[in-house]
Amino acid sequence: SRSSLLSSRNHLFPEAACFIIENSISSLDVSELQSSSTTLWRKVLDNGLRHRHVDVQSSAASAMRVLSHHIDCAADIKR
(Lines give C-alpha, C1' and ligand atoms only; values in the text may rest on other atoms or scores of the structure.)
Protein backbone atom coordinates (compact mmCIF):
# COMPACT_ATOMS: atom_id res chain seq x y z
CA SER A 1 0.00 0.00 0.00
CA ARG A 2 0.99 3.61 -0.47
CA SER A 3 1.23 4.22 3.27
CA SER A 4 3.73 1.35 3.64
CA LEU A 5 6.03 2.98 1.09
CA LEU A 6 5.91 6.32 2.86
CA SER A 7 6.02 5.02 6.44
CA SER A 8 8.81 6.15 8.73
CA ARG A 9 8.36 3.22 11.12
CA ASN A 10 9.51 0.47 8.80
CA HIS A 11 12.61 0.94 6.69
CA LEU A 12 12.40 -2.15 4.48
CA PHE A 13 9.53 -1.05 2.22
CA PRO A 14 10.80 2.48 1.53
CA GLU A 15 14.33 1.17 0.98
CA ALA A 16 13.08 -1.48 -1.47
CA ALA A 17 10.91 1.10 -3.27
CA CYS A 18 13.91 3.42 -3.74
CA PHE A 19 15.98 0.48 -5.01
CA ILE A 20 13.28 -0.42 -7.56
CA ILE A 21 13.05 3.19 -8.73
CA GLU A 22 16.84 3.37 -9.07
CA ASN A 23 16.99 0.21 -11.16
CA SER A 24 14.00 0.93 -13.36
CA ILE A 25 14.76 4.49 -14.49
CA SER A 26 15.72 4.64 -18.13
CA SER A 27 16.23 7.37 -20.67
CA LEU A 28 12.92 6.33 -22.25
CA ASP A 29 11.16 7.58 -19.12
CA VAL A 30 12.70 11.05 -19.26
CA SER A 31 9.75 12.84 -20.86
CA GLU A 32 7.37 11.33 -18.33
CA LEU A 33 9.74 12.13 -15.45
CA GLN A 34 9.96 15.76 -16.46
CA SER A 35 6.23 16.24 -17.04
CA SER A 36 5.03 15.00 -13.67
CA SER A 37 6.06 16.72 -10.45
CA THR A 38 3.80 15.04 -7.88
CA THR A 39 4.08 11.40 -8.83
CA LEU A 40 4.40 8.60 -6.31
CA TRP A 41 8.05 7.96 -7.20
CA ARG A 42 8.91 11.58 -6.32
CA LYS A 43 7.12 11.23 -2.99
CA VAL A 44 8.93 7.94 -2.30
CA LEU A 45 12.35 9.46 -3.05
CA ASP A 46 11.62 12.62 -1.06
CA ASN A 47 10.48 10.50 1.88
CA GLY A 48 13.56 8.29 1.49
CA LEU A 49 15.95 11.23 1.60
CA ARG A 50 14.28 12.46 4.81
CA HIS A 51 13.91 9.03 6.41
CA ARG A 52 15.49 8.45 9.81
CA HIS A 53 17.12 5.16 8.75
CA VAL A 54 20.47 5.56 6.98
CA ASP A 55 19.88 2.60 4.62
CA VAL A 56 16.75 4.26 3.24
CA GLN A 57 18.60 7.57 2.84
CA SER A 58 21.40 5.80 0.99
CA SER A 59 19.01 3.97 -1.33
CA ALA A 60 17.13 7.20 -2.10
CA ALA A 61 20.41 9.04 -2.76
CA SER A 62 21.48 6.30 -5.17
CA ALA A 63 18.17 6.62 -7.01
CA MET A 64 18.62 10.39 -7.20
CA ARG A 65 22.11 9.88 -8.62
CA VAL A 66 20.72 7.74 -11.45
CA LEU A 67 17.81 10.12 -11.97
CA SER A 68 20.16 13.11 -12.20
CA HIS A 69 21.82 11.52 -15.25
CA HIS A 70 18.50 11.91 -17.09
CA ILE A 71 16.93 15.12 -15.74
CA ASP A 72 17.96 18.23 -13.85
CA CYS A 73 17.36 17.55 -10.13
CA ALA A 74 18.64 20.88 -8.83
CA ALA A 75 15.17 22.03 -7.77
CA ASP A 76 14.59 18.75 -5.90
CA ILE A 77 17.88 19.09 -4.04
CA LYS A 78 17.15 22.65 -2.95
CA ARG A 79 13.89 21.57 -1.26
Starting at [atom1] of [X], measure out to [atom2] of [Y] and round the result to the nearest 0.5 Å.
| X | Y | atom1 | atom2 | result |
| --- | --- | --- | --- | --- |
| Gln57 | Asp55 | CD | CG | 9.0 Å |
| His51 | Asn10 | NE2 | CG | 7.5 Å |
| His53 | Ser59 | NE2 | OG | 12.0 Å |

Verdict with supporting geometry, Trp41 and Ile25, side-chain contact (heavy atoms from CB on, under 4.5 Å): CA-CA 11 Å; Trp41 68 265; Ile25 293 172; 5.8 Å; no

Looking only at atom types and distance, does a side-chain atom of [X] sit under 3.5 Å from a main-chain N or O of [Y], one as donor and one as acceptor?
| X | Y | value |
| --- | --- | --- |
| Asp46 | Arg42 | no |
| Ser68 | Arg65 | yes |
| Ser62 | Ser58 | yes |

Side chain to side chain, Cys18 and Val44, heavy atoms closer than 4.5 Å: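 The answer is yes; the side chains approach within 4.5 Å.
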
Test item: Lys43 and Asn47 side chains (from C-beta on) under 4.5 Å apart, heavy atoms: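 Result no, sub-4.5 Å side-chain heavy-atom pair not found.
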
Minimal non-hydrogen separation, Ala63 against Ile21, with atom names: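 Heavy atoms of Ala63 and Ile21 come nearest at CB-CG2, 4.5 Å.
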
Closest heavy-atom pair and its distance - Ala60, Leu45: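 Nearest pair, atom of Ala60 first, then Leu45: CB-O, 3.8 Å.
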
Joint hydrophobic cluster, Met64 plus Val66, side-chain heavy atoms closer than 4.5 Å: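 Yes; tracing contacts between hydrophobic side chains, which count when under 4.5 Å, links both residues.
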
